[in-house]
Amino acid sequence: DADGDPSGQRDLAREAAHYLRTILKDGDILAVSGGSTMAQVAESFTPGDSPSNVTVVPVRGGLGEDIKIQANSVAVSLAERLGGTYRLLHAPEDVLPCNLAQILNEPRIRSVIALGRRANVLLHGIGTAEEMARRRGFDDEAIMDLIASGAVGEAFGCYFDSDGNIVHNTTSVGLRLEDLEKIPLVVTVGGGRSKAWAVMSVLSRGYCDVCITDEGVARRLMSLKEIE
């Protein structure tokens, strides 16, 4: 359980890196999100031990947080360790609705998002609704409203309840949830017992092909299933 064992997240990241090594092929496009787990996945690769002709592309803009865990940084780190190439998405993730169309029409941003939609493999993390709301700078009242609406998990700018229903959408730059339908392999990584509801909410959408998690989440999901 990554919540109670500091080594848990490292083990989770190593397992995700091991899985990627087994499925990535020369010429693949690998799309990645940001977050602390994704950053550790990148660090778990040993340079030169994987297919080299891989293009890594970030699927989300920046949240204005620690640069090391932003999607751009994860993409660069992965590409360097894979011996491949990368593209960068120079845009914030959350923007005002009135500015979204103008940003998405910028040629360089549009081309990076289009490349992400053509990915062979998508690797992304899962955050709890509260965690991601705080990362986005929501105030306490907005967070309470979000939780009251039933939100337990977040991915790709969408907040989900435990059944996978979208209860809140953000105006964001990057791939959207519906884009995942066209990507051949979607790999989700998330661990820690506290993320069990968040993992379940994202899996309930049906856009995940492989979920890499830990015993804390797995046992919690089993107990929830037994209650049902």
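Being a predicted model, the structure only gives us computed values, none of them experimental.
- With hydrophobic clusters built from ILVMFWY side chains whose heavy atoms lie under 4.5 angstrom apart, Met144 does not share a cluster with Trp197.
- The two residues Cys158 and Asn169 have their closest heavy-atom pair at SG-OD1, 3.0 Å.
- Ile126 places none of its side-chain heavy atoms less than 4.5 Å from the side chain of Val189.
- Cation-pi check for Arg21 over Phe45 is met; the charged atom lies under 6.0 angstrom from the ring centroid and within 45 degrees of its normal.
- The shortest heavy-atom contact between Ile69 and Ala39 is CG2-CB, 4.1 Å.
- Screening residues 102-129 for ring-ring contact (aromatic ring centres under 6.0 Å, His included), with sequence neighbours left out, gives His124-Phe156.
- Distance check: Asp139 CG to Arg134 CZ gives 9.5 Å after rounding to the nearest 0.5 Å.
- Not one N or O on the side chain of Asp28 forms a donor-acceptor pair closer than 3.5 Å with the backbone of Asn120.
- In this structure, CZ on Arg118 lies 5.0 Å from CG on Leu115, to the nearest 0.5 angstrom.
- Distance OG/Ser33 to CG/Leu122: 7.0 Å, rounded to 0.5 Å.
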List the steps, then state whether side chain to side chain contact (heavy atoms under 4.5 Å, CB included) holds for Leu30 with Leu82.
-> CA-CA 11 Å; Leu30 170 63; Leu82 290 169; 4.3 Å; yes
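- For Ser204 and Asp163, the side-chain atoms include no donor-acceptor pair closer than 3.5 Å.
- Of the N and O atoms on the side chains of Ser201 and Ser162, not one donor lies less than 3.5 Å from an acceptor on the other residue.
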Would Glu15 and Ser44 satisfy side chain to side chain contact (heavy atoms under 4.5 Å, CB included), going step by step from the backbone distance to the final call?
-> CA-CA 9 Å; Glu15 187 60 36; Ser44 298; over 6 Å; no
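- Applying the 6.0 Å contact sphere to OH of Tyr86 captures no more than 12 heavy atoms from other residues, nucleotides or ligands.
- The aromatic rings of Phe138 and His168 stand perpendicular to each other, their planes meeting at an angle above 60°, with 30° marking the opposite boundary.
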Can you list the steps and then say if Arg220 with Asp214 is a salt bridge (Lys or Arg N to Asp or Glu O under 4.0 Å)?
-> CA-CA 10 Å; Arg220 179 60 176 155; Asp214 61 11; over 6 Å; no
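- In this structure, Leu177 and Ile166 have side chains that are in contact, with non-hydrogen atoms separated by less than 4.5 Å.
- Closest heavy-atom contact between Gly191 and Leu12: N-CD2, 3.5 Å.
- Remark: the backbone N or O of Ala2 is not paired with any side-chain donor or acceptor of Asp5 at under 3.5 angstrom.
- When all heavy atoms are compared, the tightest approach of Ala42 to Arg81 is O-CD, 2.8 Å.
- In this view, Glu215 and Arg219 satisfy the side chain to side chain donor-acceptor pair (under 3.5 Å) rule, not counting sequence neighbours.
- Summarising the geometry, atom SG belonging to Cys208 is positioned 5.0 Å from atom CG belonging to Leu203; distances are rounded to the nearest 0.5 Å.
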Working for side chain to side chain donor-acceptor pair (under 3.5 Å), residues Gln9 and Thr37 = CA-CA 7 Å; Gln9 191 177 50; Thr37 302; 2.8 Å; yes
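- Proximity of Phe160 to Val202: side-chain heavy atoms (C-beta onward) are separated by under 4.5 Å at one or more points.
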Do any side-chain atoms of residues 103-114 form donor-acceptor pairs under 3.5 angstrom with protein atoms, and if so which ones, sequence neighbours left out?
| unit_1 | atom_1 | unit_2 | atom_2 | d |
| --- | --- | --- | --- | --- |
| Asn105 | ND2 | Ala101 | O | 3.1 |
| Glu106 | OE1 | Arg108 | N | 2.9 |
| Glu106 | OE1 | Ile109 | N | 3.0 |
| Glu106 | OE2 | Arg108 | NE | 3.4 |
| Arg110 | NH1 | Asn105 | O | 2.6 |
| Ser111 | OG | Arg87 | NH2 | 2.9 |
| Ser111 | OG | Pro107 | O | 3.4 |
| Ser111 | OG | Arg108 | O | 2.9 |

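- Thr85 places none of its side-chain heavy atoms less than 4.5 Å from the side chain of Val56.
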Walk me through it: do Arg117 and Asp179 pass the test salt bridge (Lys or Arg N to Asp or Glu O under 4.0 Å)?
-> CA-CA 6 Å; Arg117 290 183 177 131; Asp179 294 322; 3.2 Å; yes
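- The heavy-atom pair separating Ala31 from Ala119 by the smallest distance is CB-CB, 3.7 Å.
- Taking CZ from Arg14 and CD1 from Ile212, the interatomic distance works out to 13.5 Å, rounded to the nearest 0.5 Å.
- At least one side-chain heavy atom of Glu131 sits under 4.5 Å from a side-chain heavy atom of Lys195.
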Could you walk me through whether Leu221 and Val199 pass the side chain to side chain contact (heavy atoms under 4.5 Å, CB included) test, one step at a time?
-> CA-CA 9 Å; Leu221 291 181; Val199 171; 4.3 Å; yes
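- Annotation for Glu178: atom CD counts as buried by contact number, over 12 foreign heavy atoms lying within 6.0 Å.
- Side-chain contact check for Glu130 versus Ile143: some heavy-atom pair is nearer than 4.5 Å.
- Remark: side-chain polar atoms of Asp3 are paired, donor with acceptor, to backbone N or O of Arg193 under 3.5 angstrom.
- Among all heavy-atom pairs drawn from Ala129 and Tyr159, the shortest one is O-CE2, 3.5 Å.
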Give the C-alpha distance, both sets of side-chain angles, the deciding distance and a yes or no for side chain to side chain contact (heavy atoms under 4.5 Å, CB included) between Val74 and Gln70.
-> CA-CA 6 Å; Val74 173; Gln70 291 194 26; over 6 Å; no
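- Taking CD1 of Ile183 as the start and CD1 of Ile29 as the end, the distance is 10.0 Å to the nearest 0.5 Å.
- At a threshold of 4.5 Å between non-hydrogen side-chain atoms, the residues Val76 and Leu88 count as touching.
- Within the 4.5 Å cutoff, the side chain of Leu89 has no heavy atoms near those of the Arg60 side chain.
- Between the side chain of Thr188 and the backbone N or O of Cys211 there is no donor-acceptor pair closer than 3.5 Å.
- Between the side chains of Thr128 and Glu154, not a single donor N or O lies within less than 3.5 Å of an accepting N or O.
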